Visitor: 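To start, I am sharing the structure in question, which I have written as structure tokens.
Chain letters run A, B, ... following the sequence lines, proteins first, then strands; residues in each count from 1. Note that this is a predicted model, so its numbers are computed, not measured.
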Amino acid sequence: MVDKQLMRGNEAIAESAIRAGCRNYFAYPITPQAELLQWMAVHMPEAEGGTFLQAESEIGAINMVYGAASAGERTMTSSSSPGVSLKQEGISYLAGADLPAVVVNIMRGGPGLGNIQPAQGDYFQATKGGGHGDYRIITLAPSTVPEASRLTYDAFDLADAYRTPVMILADGMIGQMMEPVELPERKPPEEIPPKPWATTGAKGREGNVIKSFALGGENLKAMNVARFERYEKIEEKEVRYEEVNTDNPDIILAAFGTVARIVKSTIRLAEEEGLEIGLFRPVTVWPFPAARLNELSAEVDTVLTVEMNAGQMVEDVKLAVRPETETPFYGEVGGVVPTPGNILEEVKKYV
Amino acid sequence: MVDKQLMRGNEAIAESAIRAGCRNYFAYPITPQAELLQWMAVHMPEAEGGTFLQAESEIGAINMVYGAASAGERTMTSSSSPGVSLKQEGISYLAGADLPAVVVNIMRGGPGLGNIQPAQGDYFQATKGGGHGDYRIITLAPSTVPEASRLTYDAFDLADAYRTPVMILADGMIGQMMEPVELPERKPPEEIPPKPWATTGAKGREGNVIKSFALGGENLKAMNVARFERYEKIEEKEVRYEEVNTDNPDIILAAFGTVARIVKSTIRLAEEEGLEIGLFRPVTVWPFPAARLNELSAEVDTVLTVEMNAGQMVEDVKLAVRPETETPFYGEVGGVVPTPGNILEEVKKYV
Amino acid sequence: MSDKVTSVKKKDMTKVVGRPDSMNDTQFSYCPGCHHGIINRLIGEAIDELGIQEETIGTAPVGCSVFLYKWFDIDVVQPPHGRVSAVATGIKRAKPKKTVFAYQGDGDFASIGTNNSVHAANRGENITVFFINNTLYGMTGGEMAPTTLIGQKTTTTPGGRKAKDFGYPIKMSEMLARLDGPTYITRQAVYDVPRIKSAKRAIVKGFKNQIEEKGYSLIEILSACPINWGLDPVEAVERIKSEVETVYPLGDIIDRG
Amino acid sequence: MSDKVTSVKKKDMTKVVGRPDSMNDTQFSYCPGCHHGIINRLIGEAIDELGIQEETIGTAPVGCSVFLYKWFDIDVVQPPHGRVSAVATGIKRAKPKKTVFAYQGDGDFASIGTNNSVHAANRGENITVFFINNTLYGMTGGEMAPTTLIGQKTTTTPGGRKAKDFGYPIKMSEMLARLDGPTYITRQAVYDVPRIKSAKRAIVKGFKNQIEEKGYSLIEILSACPINWGLDPVEAVERIKSEVETVYPLGDIIDRG
Amino acid sequence: MLRGQVDVDSERCKGCGLCIDACPKDVLDFSGDFNSDGYNYVEFANPEECVGCGFCGMVCPDMALTVYSFEEEEVS
Amino acid sequence: MLRGQVDVDSERCKGCGLCIDACPKDVLDFSGDFNSDGYNYVEFANPEECVGCGFCGMVCPDMALTVYSFEEEEVS
Amino acid sequence: MREYSTVISGFGGQGVILAGKILARTGMERGLEVTWLPSYGPEMRGGTANCTAIISSKLIGSPIVDSPSALIAMNPPSLDKFETRVQENGLIVVNSSLVDEPKGRDNIKVVNVPLNEIAKEIGNQKVINMVALGAWAKFVEEISLQDVIKGMEMTLTDMGKERFIGSNREALEKGFGHAE
Amino acid sequence: MREYSTVISGFGGQGVILAGKILARTGMERGLEVTWLPSYGPEMRGGTANCTAIISSKLIGSPIVDSPSALIAMNPPSLDKFETRVQENGLIVVNSSLVDEPKGRDNIKVVNVPLNEIAKEIGNQKVINMVALGAWAKFVEEISLQDVIKGMEMTLTDMGKERFIGSNREALEKGFGHAE
Ligand SMILES: Cc1ncc(C[n+]2csc(CCOP(=O)(O)OP(=O)(O)O)c2C)c(N)n1
Ligand SMILES: Cc1ncc(C[n+]2csc(CCOP(=O)(O)OP(=O)(O)O)c2C)c(N)n1
Ligand code: SF4
Ligand code: SF4
Ligand code: SF4
Ligand code: SF4
């Protein structure tokens, strides 16, 4: 038997970050991600050179991340929906200054104070840019606790490789639930790439500058264009998705995160009734796996998107599929979690 | 000759807000919308019961708006891109609490500090929800100073009618440029609808509560569903757009705001070369005038979207047009403003 | 309801203490022994006494008192976490004749909301602010607040707060007293009857200052959070006396009314 | 370059004042007579003197000093408006052995950034903060800052700042001195040679405190903004002496080093 | 002599015990019963001792107590 | 006697006049010429008077002045 | 093992959360797939808390279920809330110290256990949750009492609370013994 | 009137912004369409500022132009920056007090006016912008000197600066007179 631990999603994310070499964690408490801070408060100081700092606010936290990331360190912050909204200026700055960092959003019901139930209402914010200006952030949407662990571990590598913020987009269900997790090994420090651009004191070299600023349109354009070239590489190389039962299904369901795992239960329910449901689950919601979904859509009449929101990823689905594909949507809002049965009912409308 | 004034866009927006009955204005300085505050500082105190308050921050400002709007008063804030990012939590709360208010974004180059040149990089943020949770805000995109004046005036009526924040989405060019403006008349106070839901002191009635909060998924869902029903009404009734030369063009250009007016110059340039360009200009970028664009797209092979960003509205264009329509994109980023000539060159690639 | 004494009719009796008229029957959602409830009632009593129930607009934070709107029969605005002072400013500027109070936890007032708190005070905004200092974050699970005492264990300072890493218990009231804006700043507690009476006087005074347009009043109130302190309610009272009060001494800090 | 005196070779001369080694040749973008330039140079001199050019990481705000990275041959981070203290905290926590300074305008430090400023101070963060108080917003066009004097005309207080509407000139240094976190807080000016020498000593001390791990130092410096004050540079100096300094008196406020 | 009566709203009481601690006359005590929220609510255990000072009601965080005072001679 | 020399970088000078004001010996003055940014830059007008105190350089916000001191006997 | 889902529900102080975690750990130690999900939030304050533990030999989809296989109802509101949702032929363990016997349904195995009284016997009110789990174990074919004891031991050990293992084991055994 | 665009460029203190506004106002008072757009931002500090005023009888599309009809260059960097962009057969008014005669192009009307000297004559350095506008007016068919004077008067009146109208009119007239 492999060595597994029973952990909450929040805890698994925290511990996996530490194992990925994250040594600077700044955050502000908010439900349903409070356990993430609590884990870090205990374990970050145990890690060599580790900093846990509860910031005065989410804005303080994201800007401490900006500072620590500028200094070339692996760094992370986490929050939940309202707190992530407060970080939008900071995220835009991180993107604009080409800084690697990991931001975790354990989504809850919105808008406003909403409630603390699981939800997926921040898909647009994460994938289209909740901050100002043109930028994208790699956005990873785990659907189980073990996957939350793995994706967090990978997030730091992606962030460094492309000098970009990476978001873990999960929800209260994944944050709060426990599952057995096989944690990754601690990353040896020598495997973390050096960052010659970092502001670590200009010893033996010219001064480094971290900024998102450029006077005049053409200069800023050049920075933007270079960044979008990196985005193209990301779109080429880093797309991830999962397919279940897509061989010859009657219908394909597109869903991410928590909803996707519920769809897996729906698939079993449906099988009992002789109905074949396929599941297409984007793991990277940006870059969205449009090409593969386009291929798959040739096999079916209908791609039904299911989300815990009022219809957000469905826009990316529509942009991806073939013109003749039907693209209905089923969503629950306000922190309501659809059950496998709810989804099956919806499916039956289309097959 | 009608009584016109030569005004900057920022000034015209400010003065039109006052004439629309706005009596509470809270903001924080930022280029290129500083003149908006400066105008308000002079003229708001002259208006009966008018409050001009320079807030300690953009977050302070949007929350003062939250307070004044709760009290049933017409109220506004303004900023530019980074400052609007900071307001995202507040905007989500305004939407969640069903509060009418007007938010002005005079966009500049991004992401991050970017620069202060005109740009349109916040289209996604405005139309898809830069804040958390499911919500939309009516977003009006003027392309001239007189239109900025009119739309600001209307924005307050729309906000009240649908109990929703309304955004004026303009850019540094519109904010800074001067054009002759025929200002609207001052709205008589009796034409402003009463707000029985407002927190004005519970005299002779039960206490009113302003909140975006609901315990439990089903309660919050109900609030969301009611809101989305209002959104449907808005989509039915409040769509606005402008068409130029769309009778039988060789190509249609889709553009909003500043870019659309530049396209008008391109149209003339093109005419000299015997090329017929049509312009489709969404005035409401949310609700996006999808139905009309769909109709129009039947007339041409290509709808070329032109924006001062890396490609944002083009997604809504793609979702709107017929499947067979080509939807190329031309954009300038980082505060670069395309010239009529630039755009014409681009057009020639497709006709 | 106990009815052991039945021989006296209620109408012959004087009500000494009970539910204020400006509050309703809905049960508090606070934990057993939480002082928020006492403070809420005192505010209700003050509103009754001053006859301002129909003139008062309250704003209460995200925090354990988020449900304040359920308990008071007044107009209430529920703002974002930390923004209560800014929202109260907006309400007051829009309705200068109404009485506006801001009810804020220490996370709300002294951490995320510091900027809005400081500047409302510095503007001398004519509002009444209640700042409930329970030395940690109640609602979210007992995390450190800037007010947490040195050595105090919280879920984010499992080894006790260390000044070197997390700084010092912040004395907001003393700090704000250094500004020219505020009119009245006081620190109170509600752990026993004399303190409760004193707190009540301070609350009334805070409202009066506003009504008389004297400007900004801040009433800080030390409060117990037994559940997150890991103490029973009576022990929690003891902790305030023996520990919290020594760091945050009670009494008026400024009174420029 | 003037060359009226040609008879003495430069090498026989002692350089009394000039460009510090840690700074380069790029011209400041400040307006004529703006004191930011003097302050920048003093920081450069202090870095030279302490020999920390290769150990220093600066963070400068959005504001007229946004181009600081162009002028210093050191590592520089350009943060969001108001967040300099938070960003400096992040850098320092990541690189505790390096010397980190935060350069902030009064809009930056005392308005939008108040929360981050207060809490970096309260944590006693081991950084050196320069707080440039020119009583208004320079870069954006001369708007009121929280530091603006009563009666002072700015583009957002066209009739002069009124306390009733906009509150009082905020004394950040005095306010922060009330906290337990800071080690050294001083207010300086650079309008004449004695003040410049004093400011220089304070700047050096602020850096030394950090190097010796003594904790948070705040050096507030009164600065002229002739263009937005509507004064010529020499008149602007007079204004500091006759008006600004009376509201913001010079000198050390705390020194717990 | 001034006497008192305390009405306990047992459904509101959360059994925190603050009133018991505050009472100078040991009038209140835990009832040993649980209300529908599972709290061991207090009861007006020694009514004869009650002087109607209202201390218990003042410290009660849950407005579970209404305290009345009256003149002793009225008691039957 | 200690004497001084001031090198003016006329392209850096913004003509603010602070150095003129600070000089105890009236050594500096506006040149009347404009540099390429349009500023009336200062010149080292009375070199004989300069005592090399460096005051001008210390108050110059634009590092336009480099001040040297030397012993008088070295002057030819 | 087919997906077996248990909802445990009771007052804040009744150890609902821990009982759920122990169930999940029990499954995990048996090499099965497990999930555990609490209800969370302010409604916990003084109110009723619950959690769901699922054990299965196959990958678990949704960690919440419309109809649980079993319910452990430690207080009256818990029974009210969940009784009707339990699967046909499912199991309800009722804390008969506080809750009246459910009579709403007859296609369900109901086990009445006076949790509080038994805990009193053991001398520790905190173990009522383990008494309930013991009873539960008796009626779940694939999980033995020994399995649960092991899950409990490992959980408490990880929490650094080894000293409570004895009383908790006693509670599990008593619950198992008492159930019928 | 065909779209006529003028770029006015100079040092921060040379009154570039006001001159542009007056041009726009002039057009507006003539009942024409106008736009005015400044360059803005920190680069203004001490550097060179410019603005573009467009006058047209038809609706104006873009308020910035690749190639302006006219350039008023009040300092050397302004000429460097904009000279090559002026339309063929366009106009350049050069401040010959500070700027050497442009020789780069020959298909353009160049008017050299010693703005600073003329302003000195008038006794007010601040009016150099009006001297330039006066010269400009001489070569723009559709706009008369009187139009510009009116535009100036109305602008200054709105700003509450009537007292400067006299010297500004003198400057306009002198500029007009001097130009050739
Ligand atoms: C922007 C944002 N950040 C964080 C939270 C989560 N949150 C809710 S209440 C709270 C703090 C509660 O502590 P305090 O203000 O001291 O009040 P108490 O609950 O102790 O009365 C926090 C951090 C939130 N709702 N919104
Ligand atoms: C979030 C945000 N808000 C506002 C601005 C605009 N802004 C730039 S600098 C500045 C203030 C400048 O004043 P100060 O900090 O006092 O520095 P100074 O320019 O006077 O040196 C402002 C408001 C911004 N860039 N970002
Ligand atoms: S958590 Fe603390 S502050 Fe919140 S209700 Fe419970 S005792 Fe009161
Ligand atoms: S605006 Fe003021 S602070 Fe900014 S550079 Fe100019 S003089 Fe200095
Ligand atoms: S103080 Fe109130 S809640 Fe506490 S035990 Fe007494 S009556 Fe019950
Ligand atoms: S102080 Fe410097 S910038 Fe100012 S006039 Fe003198 S040399 Fe020139």
Visitor: Please classify the contact between C/Val234 and chain E as side chain, backbone, both or neither, with a heavy-atom cut-off of under 4.5 Å.
Guide: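 For C/Val234, heavy atoms of backbone and side chain both lie under 4.5 Å from chain E.
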
Visitor: Go through the atoms of C/Thr26 and report whether side chain, backbone, both or neither lie under 4.5 Å from a heavy atom of chain E.
Guide: backbone

Visitor: Non-hydrogen atoms of chain C under 4.5 Å away: do they reach the side chain of E/Asp62, the backbone, both or neither?
Guide: both

Visitor: Can a donor-acceptor pair be found, under 3.5 Å and without considering hydrogens, that links the side chain of E/Lys14 to the backbone of C/Tyr30?
Guide: yes

Visitor: Please check if atom NZ in C/Lys241 has more than 12 non-hydrogen atoms from other residues, nucleotides or ligands closer than 6.0 Å.
Guide: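 Atom NZ in C/Lys241 is packed in, count exceeds 12.
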
Visitor: Hey, which of E/Asp21, E/Leu18, E/Val59 is the one that makes side-chain contact (heavy atoms from CB on, under 4.5 Å) with C/Val237?
Guide: E/Leu18

Visitor: Does C/Lys15 NZ have over 12 foreign heavy atoms under 6.0 Å away?
Guide: yes

Visitor: Relative to chain E, which segment of C/Asp25 carries a heavy atom at a distance below 4.5 Å: side chain, backbone, both, or neither?
Guide: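 It is both, since atoms from each part get that close.
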
Visitor: Show the nearest heavy-atom pair for residues E/Pro61 and C/Cys34, with the distance to one decimal.
Guide: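 Minimum heavy-atom contact is CB-O, 3.0 Å.
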
Visitor: On a heavy-atom basis, which atom in C/Arg41 and which in E/Met58 lie closest, and how many Å separate them?
Guide: NH2-O, 2.7 Å

Visitor: Working to the nearest 0.5 angstrom, can you tell me the gap between E/Asp7 CG and C/Met13 CE?
Guide: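 Here the rounded value is 7.5 Å.
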
Visitor: Is it the backbone or the side chain of E/Cys50 that comes under 4.5 Å from a heavy atom of chain C, or both, or neither?
Guide: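 No part of it gets close to chain C.
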
Visitor: Let me know if C/Lys200 has heavy atoms under 4.5 Å from chain E in its side chain, its backbone, both or neither.
Guide: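 Neither; nothing under 4.5 Å.
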
Visitor: State the OH-CG distance between E/Tyr68 and C/Asp12, to the nearest 0.5 angstrom.
Guide: 12.5 Å

